[in-house]
Amino acid sequence: MSQTTIFDELESQVRSYCRNWPVTLATAAGSTVTTEDGTEYLDFFAGAGVMNYGHNDPDLTEALVDYLRSGAVVHSLDLHTVAKREFLTSFRDHVLRPRNLDHKVMFPGPTGTNSVESALKLARKVTGRQHILSFTNAFHGMTLGSLSVTGNSMKRQGAGLPLTNTSKIPYDNYFEGATEDFLWLERVLADSGSGVDLPAAIIVETVQGEGGLNVARPEWLRALADLCKAHEILLIVDDVQAGVGRTGTYFSFEEAGIVPDIVCLSKALSGYGLPLALTLIRPELDQWEPGEHNGTFRGHNPAFVTGAAALKKFWADDAFQLEVRERAAELHEGLEKIASGYPDAVVKGRGLLAGIEFPDKGAATRIAASAFGKGLLVETSGPENEVLKTMPPLTITSGELQRGLGILREAAAEVFGR
Ligand SMILES: *Cc1c(COP(=O)(O)O)cnc(C)c1O
């Protein structure tokens, strides 16, 4: 009898990733996950950007186990705890201060969409405006507010009601250079007869992780930030997937030199795969009433413990960031080599969030399936899953990276019959 019977029998049709990878995982270490029957997979997926420091980092495991064994408090709503103090202190010392950021830290519920919801709510409250602008092919989460700023039509339809008070505007290079950046937006915001209401905020991903690895250029992001400032529109950067080192710096917007009004973080924040999210808020915008955005799991002590340990281990100096940038250069070089074998295949993405778009829209799915058969977990991205998306742990070794690229090369050759 198949060991996956109970999942098919009992679990809702809504399950998704497990359909492509119908195995039962048992253990994991670093960049490798192992099924219950002992088959090893190299992980170029990393929990969609959760496992930035690899699976079960021994130092984080030790911090977590020590904490649990000590009898320390696990759940505490938003009460002060030793673990929360440690996390906030580490976050201030290793993330905010070195980057001259004076944002306040808000803990919403423990997932990315909770952070996005809090950002949208706060932007509307502070500005007194309802409208939010977001970008073509954006992904911001699956609750109603987040869906209203998300692009994907299948996901939007799941809402079952009209997603209102938002509009989509073209992301960088949506018109492939045919239209000047922000031409339309600048005009309509300056024109009191345009009929376009001044938005409360614009929410943006610097790299569209789910939307097809589209990358916003630093100059485009700076122009966006300037436009927001000129019209007193709040700029929200959703760094849930691209943040926490994924692009080679802690925040993905550092390269552009912009300072967002609000920042959303989650996925890799706890460093260990434990749910944790936060929303960074410029101090003058922190106009919440106590309890106005509440939740039972706002900050979870075990996640604070591993989160603080990860900050101390990886972010106390530049060494880790420099290594990530080296790995990223290797990844891009390897992807370019593969893409160069296929006409019109292009490498997309930034840092260790990169992939290949093939003109044959079904190719990425077939390559990912073939790679799975060869022991590599890799997913696809984009509105038609047309982009092969690699997202290894940031701690992956050079050797593992090359091995994964080798599998992708073979898988592509197999799919294209070469
Ligand atoms: C994953 C993701 C979210 C949603 O996070 P959840 O934890 O799944 O709610 C929001 N924004 C971006 C950019 C994401 O990648």
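Ligands are counted one by one from 1 in listed order, and the atoms in each one are counted from 1 as well. Numbering starts at 1 and runs along the sequence shown.
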**Message:** Please confirm whether His140 approaches ligand 1 to less than 4.0 Å, judged on its heavy atoms.
**Reply:** yes
**Aromatic contact, Tyr41 with Trp21 (centres under 6.0 Å)** = no
**Asked** Are Arg15 and Asp8 close enough for a salt bridge, meaning some N to O gap below 4.0 Å?
**Response** yes
**Asked** Can you tell which of Thr113, Asp239, Asp238 gets a heavy atom nearest to atom 12 (C) of ligand 1?
**Response** Asp238
**Request:** Return the option from Glu117, Gln241, Glu210 holding the heavy atom at the smallest distance from atom 15 (O) of ligand 1.
**Result:** Gln241
**Asked** Between Met142 and ligand 1, which part of the residue brings a heavy atom under 4.0 Å of the ligand: side chain, backbone, both or neither?
**Response** neither
**Message:** Which label fits Phe91 and Phe87: parallel for a plane angle under 30°, tilted from 30 to 60°, or perpendicular past 60°?
**Reply:** parallel
**Request:** Quick one: look up the protein heavy atom nearest atom 1 (C) of ligand 1 and list residue, atom name and how far away it is.
**Result:** Lys267 NZ, 1.5 Å
**Fill in**
When distances are taken from atom 6 (P) of ligand 1, the protein heavy atom at minimum range is Gly112 N, 3.4 Å
**Request:** Take atom OH of Tyr174 as the centre, draw a 6.0 Å sphere, and report whether it contains more than 12 heavy atoms from other residues, nucleotides or ligands.
**Result:** no
**Item:** atom 8 (O) of ligand 1 protein-contacted, heavy-atom criterion under 4.0 angstrom
**Value:** no
**Request:** Starting at CG of Asn137, measure out to CD of Glu210 and round the result to the nearest 0.5 Å.
**Result:** 11.5 Å
**Asked** Partners of Ala368 by side-chain contact (heavy atoms from CB on, under 4.5 Å), sequence neighbours excluded?
**Response** Val378, Thr380, Leu388
**Complete:** The atoms of ligand 1 lying under 4.0 Å from a heavy atom of Thr111, numbered in the order shown, are 7 (O), 9 (O)
